[in-house]
Novice: 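Okay, here's the structure, questions in a sec.
Residues take their numbers from the sequence shown, with the count starting at 1.
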Amino acid sequence: MPNIKKDITDNFGNRLRARVNGLLIQGDKVLMIKHRMGSGKSFWNVPGGGMKFGQNARENLQREFLEETGLGIEVGEYLFVHEFLSPPLHAIELFFEVFQKEGELILGYDPELGDEQQLIEDIRFLSLDEIKLIPPDEKHAVFRRINSLNDVRIWKGYFNFENNCIK
């Protein structure tokens, strides 16, 4: 049986990661991915992932979206940056609005992980009411206090959403 926490630490921990995240909003729903986190926990976030050296943020986001969702996207406006710090994980996350150009939604994969280590377990468009039903510690901090999906389109600047490690 895989040790998910160890796999996450080994692959993503104890270093600063630059990440890109895409907000794909269609109608009154946003595309979210559910990741297995071990110990019966899950984590919902928008598609995205670590940046590769030599690719700019938009290219990285297009690659991540295709890997995780099967969708080709157009990267729109840069929205905001969020710093996540919960050792052993530390990430600077750039959020962009994105628009679907092509493809059909599929449950994708993370090429940084082997078949037995895959974390993605669900992908779907969720309404704000559905997002609010997810326990706070099982969704990205961006989605813990929003009152409308438009909130994430109008935020500008730097956020750390009360990471206890950044005080």
Novice: In the single-linkage hydrophobic clustering (I, L, V, M, F, W, Y; side-chain heavy atoms under 4.5 Å), do Leu133 and Ile146 co-cluster?
Specialist: no
Novice: Mind checking what makes side chain to side chain donor-acceptor pair (under 3.5 Å) contact with Glu77, not counting sequence neighbours?
Specialist: Lys156
Novice: Report the distance from atom CZ of Phe84 to atom CD1 of Ile92, rounding to the nearest 0.5 Å.
Specialist: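 The CZ atom of Phe84 sits 11.5 Å away from the CD1 atom of Ile92.
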Novice: Which distance, rounded to the nearest 0.5 Å, do you find between the CZ of Arg124 and the NZ of Lys34?
Specialist: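 Rounded to the nearest 0.5 Å, the CZ-NZ separation comes to 7.0 Å.
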Novice: Hey, could you give me each pair passing salt bridge (Lys or Arg N to Asp or Glu O under 4.0 Å) that has a residue in residues 87-96? Not counting sequence neighbours.
Specialist: Arg19-Glu93
Novice: Give the table of side-chain donor-acceptor pairs shorter than 3.5 Å for residues 65-76, with sequence neighbours excluded, one pair per line with atom names and distance.
Specialist:
| from | atom 1 | to | atom 2 | distance (Å) |
| --- | --- | --- | --- | --- |
| Glu68 | OE1 | Gly48 | N | 3.0 |
| Thr69 | OG1 | Phe65 | O | 2.5 |
| Thr69 | OG1 | Leu71 | N | 3.1 |

Novice: First locate atom CG of Leu94, then atom NE2 of His82, and finally report the distance between them rounded to the nearest 0.5 Å.
Specialist: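 Output value for this atom pair is 12.0 Å.
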Novice: If I take atom CD from residue Glu97 and atom CG from residue Leu23, how far apart are they, to the nearest 0.5 angstrom?
Specialist: 7.5 Å
Novice: Checking Asn60 side chain against Gln55 main chain: does a donor-acceptor pair fall under 3.5 Å?
Specialist: yes
Novice: Please identify which of these residues, Lys139, Glu121, His35, meets the side-chain hydrogen bond (donor to acceptor under 3.5 Å, both in side chains) condition with Ser42.
Specialist: Glu121
Novice: For residues Leu31 and Ile106: do they belong to one hydrophobic cluster (side chain heavy atoms under 4.5 Å, members Ile, Leu, Val, Met, Phe, Trp, Tyr)?
Specialist: no
Novice: Of all the heavy-atom pairs spanning Asp137 and Arg144, show the shortest one and how long it is.
Specialist: CA-NH2, 4.2 Å
Novice: If you draw a 6.0 Å radius around CD in Glu104, do more than 12 non-hydrogen atoms from other residues or ligands fall strictly inside?
Specialist: no
Novice: What residue among Ile134, Ile131, Asp151, Leu128 forms side-chain contact (heavy atoms from CB on, under 4.5 Å) with Phe143?
Specialist: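 One option only clears the test, and that one is Ile131.
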Novice: Please give me the minimum heavy-atom distance between Met51 and Asn56, naming the atom from each residue.
Specialist: CE-C, 4.0 Å
Novice: Do Tyr109 and Leu61 sit in one hydrophobic cluster, given that two such residues count as connected whenever their side-chain heavy atoms are within less than 4.5 Å of each other, even indirectly?
Specialist: no
Novice: Give the C-alpha distance, both sets of side-chain angles, the deciding distance and a yes or no for side chain to side chain contact (heavy atoms under 4.5 Å, CB included) between Val81 and Glu83.
Specialist: CA-CA 7 Å; Val81 64; Glu83 183 173 11; over 6 Å; no
Novice: Any chance you could measure Leu119, atom CG, to Ile33, atom CD1, to the nearest 0.5 Å?
Specialist: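 Between atom CG of Leu119 and atom CD1 of Ile33 there are 11.0 Å.
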Novice: List the atom of Ile25, the atom of Leu149, and the distance in Å for their closest heavy-atom pair.
Specialist: CD1-O, 3.8 Å
Novice: Show the nearest heavy-atom pair for residues Asp122 and Trp44, with the distance to one decimal.
Specialist: OD2-CH2, 3.7 Å
Novice: Check the hydrophobic clustering (I, L, V, M, F, W, Y; side-chain heavy atoms under 4.5 Å; chains of links allowed) and say if Phe99 and Phe96 are grouped together.
Specialist: no
Novice: Please check: side-chain N/O of Asn21 versus main-chain N/O of Phe95, any donor-acceptor pairing under 3.5 Å?
Specialist: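 No: the side chain of Asn21 does not pair with the backbone of Phe95.
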